[in-house]
Amino acid sequence: CRPEFFIGRYHTQKEIWLFLDKARKGITPTRILALTAPSGFGKSSLILKLSSRFKNQKWKNKFYLYTIDSRSAKGPLFVAKALKAGFESAIKTGFVDLPQTVVKMDSTEGMLKGATIQSILNELKKTKRVLLIFFDQFEELFTKEELLPTFDSFKKLAFEVNSEQSNLVIGFSWRTGITFSD
């Protein structure tokens, strides 16, 4: 639902804010956020609500949420393109103050290793801001066999983000109750 009509999940919202604030302050070792629930429980609506709330006066200089619909994935480059789009959006809106920066992904193996990406991560850390790039409808990567390499690409990024310990957080929503064949 639209953010203005979203009601509830205050405890979950607060848990997410507290987690992101710990990432901002560098006092949590993880940079991965997962929302899991059955279909129709409002995971996507919650993310839209958070995105809206992060634009208010209290949060706009601390957190930025960029959401990607994983149903648009076509292959393993999807993850690198989504990451690049998230960085570009954060720059375009002024959340990351590097206005003349052209975001370049030097490699899909070490997506955070390039000079441009490192300068963005350094700016986030210096300004104590957290960029959350959130992959919604993540279970889509498992419903199509041809997208399994995309999941592998996401997994590499998640390990890299966690290892980097920067002010970048990767999130995903997962619909529970799915069964897969062997």
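Just so it is clear, the values below take in all heavy atoms, side chains as well, and ignore hydrogens, waters and symmetry mates. Throughout, residue positions are numbered sequentially from 1 according to the sequence presented. Just so it is clear, the model here is predicted, and its values are computed rather than measured.
- Once rounded to the nearest 0.5 Å, the distance linking CD1 of Ile120 with CG of Asp97 reads 12.0 Å.
- Note that OG1 of Thr116 is 10.0 Å distant from CG of Leu98, once rounded to the nearest 0.5 Å.
- Leu20 places a side-chain heavy atom less than 4.5 Å from the side chain of Phe54.
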Step by step, work out the side-chain contact (heavy atoms from CB on, under 4.5 Å) result for Ser72 and Phe78.
-> CA-CA 8 Å; Ser72 64; Phe78 169 75; 3.5 Å; yes
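- Leu33 is listed as a side-chain neighbour of Phe134, based on a closest heavy-atom distance under 4.5 Å.
- Side-chain contact check for Tyr64 and Ser89: at least one donor-acceptor pair (N or O, by modelled atom type) lies under 3.5 Å.
- Looking at Ile133 and Leu65, their side chains never come closer than 4.5 Å, going by heavy atoms from C-beta outward.
- In this structure, the side chains of Leu112 and Leu83 come closer than 4.5 Å at one or more pairs of heavy atoms.
- Between Asn162 atom CG and Ile170 atom CD1 the span is 10.0 Å, to the nearest 0.5 Å.
- Between Phe135 and Phe172, the gap from one ring centroid to the other reaches at least 6.0 Å.
- Here Leu157 contributes atom CG and Glu109 contributes atom CD; the two are 11.5 Å apart, rounded to the nearest 0.5 Å.
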Determine, stepwise, if the pair Leu131 / Phe87 fulfils side-chain contact (heavy atoms from CB on, under 4.5 Å).
-> CA-CA 8 Å; Leu131 170 59; Phe87 285 131; 3.5 Å; yes
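- Closest non-hydrogen pair, Lys55 versus Ser51, comes out as CG-O, 3.5 Å.
- Residues Gln118 and Glu164 bring a donor and an acceptor atom of their side chains to less than 3.5 Å of each other.
- Heavy atoms from other residues, nucleotides or ligands lying under 6.0 Å from CZ of Phe151 number more than 12.
- Cation-pi geometry between Arg129 and Phe95 is satisfied (NZ or CZ under 6.0 Å from the ring centre, within 45° of the ring normal).
- The two atoms that bring Pro99 and Ile91 nearest to each other are CA-CG2, 4.2 Å, heavy atoms only.
- Leu77 and Leu147 fall into different hydrophobic clusters, where Ile, Leu, Val, Met, Phe, Trp and Tyr are joined by side-chain heavy atoms under 4.5 Å apart, directly or via other members.
- Rounding to the nearest 0.5 Å gives a distance of 9.0 Å between CG of Leu168 and CD1 of Ile117.
- Two different hydrophobic clusters hold Ile32 and Leu18 under the rule that ILVMFWY side chains link at heavy-atom gaps under 4.5 Å.
- Side-chain polar atoms of Ser173 and Asp136 form a donor-acceptor pair below 3.5 angstrom.
- In this structure, the side chains of Val130 and Leu124 stay at 4.5 Å or more apart for every pair of heavy atoms.
- Other residues, nucleotides and ligands place more than 12 heavy atoms under 6.0 Å from the CD atom of Glu146.
- Not one N or O on the side chain of Thr101 forms a donor-acceptor pair closer than 3.5 Å with the backbone of Val103.
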When you look at Glu88 and Lys84, which way does the salt bridge (Lys or Arg N to Asp or Glu O under 4.0 Å) test go after all the steps?
-> CA-CA 6 Å; Glu88 288 172 339; Lys84 182 178 186 289; 2.5 Å; yes
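- For the atom pair CE (Met111) and CZ (Phe154), the distance works out to 9.5 Å, reported to the nearest 0.5 Å.
- Nearest heavy atom pair, residue Thr28 against residue Ala23, reads CG2-N, 3.6 Å.
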Starting from the C-alpha separation in whole Å, work towards a yes-or-no answer on salt bridge (Lys or Arg N to Asp or Glu O under 4.0 Å) for Lys25 and Asp21.
-> CA-CA 6 Å; Lys25 294 174 181 175; Asp21 202 45; 3.1 Å; yes
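- Thr127 places a side-chain N or O within donor-acceptor distance of the main-chain N or O of Glu123, the cut-off being under 3.5 Å.
- If you check the side chains of Asn167 and Arg24, you find no donor sitting under 3.5 Å from an acceptor.
- The two residues Ala115 and Asp106 make their nearest non-hydrogen contact at N-OD2, 3.6 Å.
- Among all heavy-atom pairs drawn from Thr150 and Pro76, the shortest one is OG1-N, 3.3 Å.
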Might you work through the side-chain contact (heavy atoms from CB on, under 4.5 Å) test for Leu48 and Thr67, ending with a clear yes or no?
-> CA-CA 8 Å; Leu48 288 173; Thr67 308; 5.6 Å; no
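- The two residues Ala82 and Tyr66 make their nearest non-hydrogen contact at O-CE2, 4.0 Å.
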